[in-house]
Amino acid sequence: MNFIPVLETAQATNQASTGSSLLTMLLTFLPILLIFYFFIIRPQKKKDKEDKNMRESLSIGDEIVTIGGIVGIVTRQTEDTVVIETGGDRSKLRIQKWAIKENITALENKQAAANPPAAVPAADIPEKKEKKSKKSKNGSEEE
């Protein structure tokens, strides 16, 4: 009995199933990779870019918050460090720029620009009461 044709048929079937299983695996993992990109990687890159722009746009006089929660006003800055003034006794701290969490001054300016003071409705403005007429010495009324 010759088993060689049977083995060749089994190998051909095995190769075809390997190719289709590879395609199935690719079609399964591609949507998962896309989900990871759009929900995890892309938003993190966007946030990192915004943080970098915020740190680069710092100016003297801005009020900032550090990652550790220290609030202070920028008094001096170099390429990679910032000196901030904190507390009532005007203590000065030198910190790295990467340790800055947010720029409070910029946030307040952005909110003020987005929400301009609302106009007061006419119904809320107190009306001027007319002056009561006064009687003069001769008895005639004046307004």
Side-chain angles (χ1 to χ4, degrees), residues 4-143:
I4 295 176
V6 173
L7 289 175
E8 289 176 359
T9 307
Q11 287 176 350
T13 307
N14 192 15
Q15 288 175 355
S17 66
T18 303
S20 66
S21 67
L22 181 63
L23 183 63
T24 305
M25 186 174 65
L26 250 169
L27 290 175
T28 303
F29 284 111
L30 188 63
I32 292 172
L33 291 174
L34 288 174
I35 289 170
F36 269 106
Y37 177 77
F38 283 109
F39 287 108
I40 296 173
I41 298 169
R42 186 171 173 236
Q44 186 62 42
K45 283 185 179 182
K46 185 177 178 182
K47 186 175 181 338
D48 289 345
K49 186 177 179 181
E50 289 173 357
D51 288 345
K52 183 180 178 186
N53 288 339
M54 180 267 304
R55 290 182 184 113
E56 288 176 352
S57 67
L58 282 176
S59 62
I60 295 175
D62 285 348
E63 187 174 8
I64 62 164
V65 177
T66 66
I67 292 172
I70 299 171
V71 179
I73 298 173
V74 177
T75 58
R76 187 174 37 169
Q77 61 182 355
T78 62
E79 187 175 312
D80 60 344
T81 62
V82 173
V83 176
I84 61 171
E85 190 175 278
T86 63
D89 59 350
R90 297 180 176 252
S91 301
K92 294 190 182 203
L93 298 171
R94 190 172 123 201
I95 60 169
Q96 294 285 325
K97 279 190 176 180
W98 60 261
I100 298 172
K101 181 179 178 181
E102 65 182 330
N103 184 346
I104 297 173
T105 306
L107 287 175
E108 289 174 351
N109 291 342
K110 185 186 264 187
Q111 288 175 352
N115 300 327
V120 179
D124 292 344
I125 299 174
E127 294 180 21
K128 294 182 180 180
K129 295 182 180 179
E130 293 182 20
K131 295 181 181 179
K132 293 184 179 179
S133 58
K134 298 179 184 177
K135 291 187 178 182
S136 63
K137 293 180 184 177
N138 60 7
S140 62
E141 293 183 5
E142 295 179 2
E143 287 188 30

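Values below: every heavy atom of this structure, side chains too, minus hydrogens, waters and symmetry copies. From a predicted model like this one, the values you see are computed outputs, not experimental measurements.
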Working for side chain to side chain contact (heavy atoms under 4.5 Å, CB included), residues Glu56 and Asn53
CA-CA 5 Å; Glu56 288 176 352; Asn53 288 339; 4.1 Å; yes
Can you tell me how far apart [atom1] ([X]) and [atom2] ([Y]) are? Round to the nearest 0.5 Å.
X	Y	atom1	atom2	value
Ile95	Asp80	CD1	CG	11.5 Å
Thr28	Leu23	OG1	CG	9.0 Å
Leu27	Leu22	CG	CG	9.5 Å
Leu93	Thr81	CG	OG1	12.0 Å

Correct closest heavy-atom pair for Val71 and Thr86 would be O-CG2, 3.2 Å
Can you name the nearest heavy-atom pair linking Leu58 to Ile100, along with the distance?
CD1-CD1, 3.2 Å
Pairs involving residues 92-108, ordered by first then second residue, that meet side chain to side chain donor-acceptor pair (under 3.5 Å) (sequence neighbours left out):
Asp62-Asn103
Stepwise, does the side chain to side chain contact (heavy atoms under 4.5 Å, CB included) test hold for Phe36 with Ile32?
CA-CA 6 Å; Phe36 269 106; Ile32 292 172; 3.7 Å; yes
Testing Ile64, Ile73, Val65 one by one against Ile84 for a side chain to side chain contact (heavy atoms under 4.5 Å, CB included), which residue passes?
Ile64
Could you walk me through whether Lys52 and Asp48 pass the salt bridge (charged side-chain N to carboxylate O under 4.0 Å, His left out) check?
CA-CA 6 Å; Lys52 183 180 178 186; Asp48 289 345; over 6 Å; no
